[in-house]
J.: 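Dropping a structure here in structure tokens format, bear with me for questions.
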Amino acid sequence: MSALTIDRIAGALGAELHGLDLTRELTTGEVDALYAAVVQHKVVFLRDQPYDIAHLERLTVQLGGHGHTPFLESIPEHPGVVKVVREADEGGFNFGGKWHSDWSFQPAPPALTLLWSVEVPPTGGDTMWSNQELAFDTLSDGLRTTLAELDVVHSAGWAYSADGILARTAKGRSMRINTSDDALAEQVHPCVPTHPDSGRQTLFVNPTYSVRFAGWSQADSAPLLQHLYEHSTRDAFTCRFRWTANTLAIWDNRSTQHNALDDYRGHRRELHRTTVSGLPPTR
Ligand code: SIN
């Protein structure tokens, strides 16, 4: 087994990993060490890994198997592998450009996401992540006690429904997205699940897919949810990653949110993404 070295990139979360060669199949020990690093650092980056779709698929399977990918068309012959792309001459906003954790509206949201860069802009197009364990830990005792007993309703409606934001801005988009009113289905999760691997409590709300607290109206929920969205993405809880081509990022969706920055108009950006299946969040 090759030696894995870890360089943290920020105080709150994120680390660059060195010592793994993804062109060959990782040993069980290497996969376990990689998974443990993702859980500990919440997002890890492996630079200078020549992109190969077969290697992305192999690693996804080794880390736990593909999650279900709704709404986004997969690359033909490669189910579950999605091309996240915006062309240099394309208008509209970028994919993933609002804080979220991936597919939090699913009964069992993905444990991990893998995102491998193929082509990135010379400047701009960074991605940010935020540590949701730290976000929860830094709330006041009273609010933590209250939130720990609440459930949150999640839905993909705002983004993916037939009149959602992605349908309304579809003109000229090169990403293949199938919007549908299936997106209006609702899913309830604890506001503060316990991470199945770390055993730590984590705040599990995000402004893209969280709709309201279960049993509360949207109007009653909005002020507290807005407070949590602002608190959970405070600068001090985040890291920001500058991509180079052939870099693989792997993040833990159970303990992070992420946000793709839209500051690279006039340049092409292409990354390939898979998710690793997860468990239903529980207290
Ligand atoms: C995503 O939200 O999955 C995309 C992130 C990115 O393009 O940086």
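In what follows, residues are counted from 1 in the order of the sequence shown. Note that ligands are numbered from 1 as they come in the structure, with each ligand's atoms numbered from 1 the same way.
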J.: Among T69, T113, T60, find the residue that satisfies the side chain to side chain donor-acceptor pair (under 3.5 Å) test when tested with T274.
T.: T60

J.: Any ion pair linking K42 and D252 (charged N to carboxylate O, less than 4.0 Å)?
T.: no

J.: Report the nearest protein non-hydrogen atom to atom 3 (O) of ligand 1: residue, atom name, distance rounded to 0.1 Å.
T.: R273 NH1, 2.7 Å

J.: Could you check whether any side-chain heavy atom of V61 comes within less than 4.5 Å of a side-chain heavy atom of H66, counting everything from C-beta outward?
T.: yes

J.: For atom 7 (O) of ligand 1, what's the nearest protein heavy-atom neighbour? Residue, atom name and distance, please.
T.: R269 NH1, 2.8 Å

J.: Between D137 and R200, does at least one N-O distance fall below 4.0 Å, as a salt bridge requires?
T.: yes

J.: Is any N or O atom of W251, backbone or side chain, closer than 3.5 Å to an N or O atom of ligand 1?
T.: no

J.: Run the numbers for me: atoms of ligand 1, each under 4.0 Å from some heavy atom of V84, listed by number.
T.: 7 (O)

J.: Just jot down the ligand 1 atoms closer than 4.0 angstrom to any heavy atom of H258, in number order.
T.: 1 (C), 2 (O), 3 (O)

J.: Identify, by atom number and element, the atoms of ligand 1 in contact range of A260, meaning under 4.0 Å from any of its heavy atoms.
T.: 5 (C), 6 (C), 7 (O), 8 (O)

J.: Hey, which atoms in ligand 1 end up nearer than 4.0 Å to a heavy atom of H100?
T.: 2 (O)

J.: Under 4.0 Å from a heavy atom of T127: give me the atoms of ligand 1 that qualify, with their elements.
T.: 6 (C), 8 (O)

J.: How would you list, by chain and number, every residue that makes a salt bridge (Lys or Arg N to Asp or Glu O under 4.0 Å) with R86, sequence neighbours excluded?
T.: D262

J.: Considering the heavy atoms of L115, write down every atom of ligand 1 situated less than 4.0 Å from one of them.
T.: 5 (C), 6 (C), 8 (O)

J.: Before accepting this row, confirm whether a basic side-chain N of the pair R212/E186 lies closer than 4.0 Å to the acidic partner's carboxylate O.
T.: yes

J.: Give the numbers and elements of all ligand 1 atoms closer than 4.0 Å to a heavy atom of G96.
T.: 2 (O)

J.: Is a side-chain donor or acceptor of D126 paired with a backbone partner of R240 at a separation under 3.5 angstrom?
T.: no

